[in-house]
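Below is one structure, written out as structure tokens; the observations come after it.
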2 protein chains.
Amino acid sequence: MKDIYDMPGHLARRFQQIAVAVFQAEVEQAGYDLTSVQYAALATVSLHKGIDQATLAGLIAHDRTTIGGVVDRLEQKGLILRRTSSRDRRARELDITDTGRMMLEKIEPYVERAQQLMLRGLSPGEAEQMLRLLRKAIAASNDLSRAPLKEAAAS
Amino acid sequence: MKDIYDMPGHLARRFQQIAVAVFQAEVEQAGYDLTSVQYAALATVSLHKGIDQATLAGLIAHDRTTIGGVVDRLEQKGLILRRTSSRDRRARELDITDTGRMMLEKIEPYVERAQQLMLRGLSPGEAEQMLRLLRKAIAASNDLSRAPLKEAAAS
DNA sequence: TACTGATAGTCAGTATGCTTGTCAATTGAG
DNA sequence: CTCAATTGACAAGCATACTGACTATCAGTA
């Protein structure tokens, strides 16, 4: 019986668990209430005006259904606007509000700090190395995920 | 604004997402229905006879409450037994059943394959390197997690 | 133009993963 | 020994993450 602690799957879960906790703690310390998923969604919406939910989901490699809920909460907090697209009435166009933009700016340094904190056990060289390998592993197995990353079509 | 795709937190989530999907697919292909968390719990129970839930949670670095639900499902599937401890009537002693042990054995090669599959983009040397760095990063930030790993007391 | 297939979003359902709060049992300080 | 603090488990609640099914809409075609 192989040891659980040596399995990549277990290490992946542990590292992600730490990443989420660190993110949450930093953002909370900044006096805000935003999860890492909500942050990723908000930041992506701010870079793509009028993006629809399905495209957003693809860009941050999330399930359509999950994003529905995330967008609900962001809308409820007044951080984004959601309206039916005029070109495609099935789709919802998303846009960041001024409140959302302001929050993104204020929160940014804390997000930065969280990213460094979760790598505090590694030297800069090691951190760089690990991120490179993670990116490589992810790219090679992107299609194995249930919600693979989908590059945005040239708009 | 820093790119989301370069953030360790984002990479951590993506890799974990892939790991879970690969695990699920392999186990399903084996004709079983067991999540990665359930597997970790079951394997750990099989190695620690009569372990209580809190210790189990600590060993696989999970929240106590989460493990309660996981144990519920394992019990419902007939894979483990749960009974009140005679030494500490607050605690529940867990033990694997014959069905559970058999399932663990049958499932093992598929779990192995899943672990390799999620690293398919890396050379053996790179994989080794990434796992080493992950372990190092996790060890250094274990206490930042909400559910840190707790070594079992010498029993 | 009517039909077909694909797509956007939602709903219902399952399983984590965490928080807070509660209860009962245990333990340790005095 | 007694009382307070701690601990194991559970309940309720929120936020991911996914599956499968369903509706509305759209786009291409016969």
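Just so we're on the same page: letters track the sequence lines, and every chain starts at 1.
The closest side-chain heavy-atom distance from Leu79(A) to Leu104(A) is not below 4.5 Å. Residues Tyr39(B) and Phe23(B) meet the side-chain proximity criterion, which asks for heavy atoms closer than 4.5 Å. You'll find the side chain of Glu26(B) stays beyond 4.5 Å of the side chain of Val111(B), heavy atoms only.
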Do nucleotides 22-28 of chain C as a string where each nucleotide becomes B, S or -: B if the base has a protein heavy atom under 4.0 Å, S if just the sugar-phosphate does, - if no protein is that close.
-> --BBS--

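Nucleic acid contact class of Ser85(B) (heavy atoms, under 4.0 Å, all strands): none. Residue-level contact check: Thr35(A) touches the backbone only, with heavy atoms under 4.0 Å from sugar-phosphate atoms and none from bases.
Taking the nucleotide of DNA chain D with the nearest heavy atom to each of Asp72(B) and Gln38(A), the more 5' of the two is matched to Asp72(B). Mapped onto DNA chain D by nearest heavy atom, Glu93(B) and Val37(A) fall at different nucleotides, with Glu93(B) at the one closer to the 5' end.
The CG-C1' distance, from Asp52(A) to dC26(D), rounds to 14 Å in whole Å. Atoms CZ (Arg82(A)) and P (dA8(C)) sit 15 Å apart, rounded to a whole Å. What separates CG of Asp33(A) from P of dC14(D) is a distance of 13 Å, to the nearest Å. At whole-Å resolution of the value, CG in Asp63(A) and P in dA15(D) are 18 Å apart. One can place CD1 of Ile67(A) at 14 Å from P of dA15(D), the figure rounded to the nearest angstrom. Taking atom CD on Glu28(B) and atom P on dT14(C), their separation rounds to 16 Å, with Å as the unit. What separates CZ of Phe15(A) from P of dG17(C) is a distance of 16 Å, to the nearest Å. When rounded to the nearest whole Å, the span between CD of Gln24(B) and P of dT14(C) equals 15 Å.
Checking dC18(D), dT16(D), dA9(D) against the side-chain heavy atoms of Gln53(B) singles out dA9(D) as nearest. Distance from the side chain of Thr65(B) is smallest for dA11(D) among the nucleotides dA11(D), dT10(C), dA17(D). Of the listed nucleotides (dA9(D), dG17(C), dT16(D)), dG17(C) has the atom at the smallest distance from the side chain of Arg13(A).
The side-chain contact (heavy atoms from CB on, under 4.5 Å) search around Glu93(A) returns Arg83(A), Ser85(A), Arg87(A), not counting sequence neighbours.
Salt-bridge check for Asp143(B) with Arg120(A): passed, with a basic side-chain N closer than 4.0 Å to an acidic carboxylate O.
The side chain of His62(A) contributes an N or O atom lying less than 4.0 Å from OP1 or OP2 of dA17(D). Of the side-chain N and O atoms in Gln17(A), one or more sit less than 4.0 angstrom from OP1 or OP2 of dC18(C).
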In a table with atom names and distances, give each donor-acceptor pair under 3.5 Å that connects a side chain of residues 124-134 of chain B to protein atoms at least two apart or in another chain.
| from | atom 1 | to | atom 2 | distance (Å) |
| --- | --- | --- | --- | --- |
| Glu126(B) | OE1 | Lys136(A) | NZ | 3.0 |
| Glu126(B) | OE1 | Ser123(B) | N | 3.0 |
| Glu126(B) | OE2 | Lys136(A) | NZ | 2.9 |

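Put simply, the side chain of Asp95(B) never gets that close to the backbone of Lys49(B): no donor and acceptor are under 3.5 Å apart.
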Carefully, step by step, assess Arg14(B) and Gln17(B) under the rule side-chain hydrogen bond (donor to acceptor under 3.5 Å, both in side chains).
-> CA-CA 5 Å; Arg14(B) 290 281 289 125; Gln17(B) 179 185 40; 2.7 Å; yes

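Looking at Arg92(A), its side chain has no donor and acceptor atom pair within 3.5 Å of the base of dG9(C).
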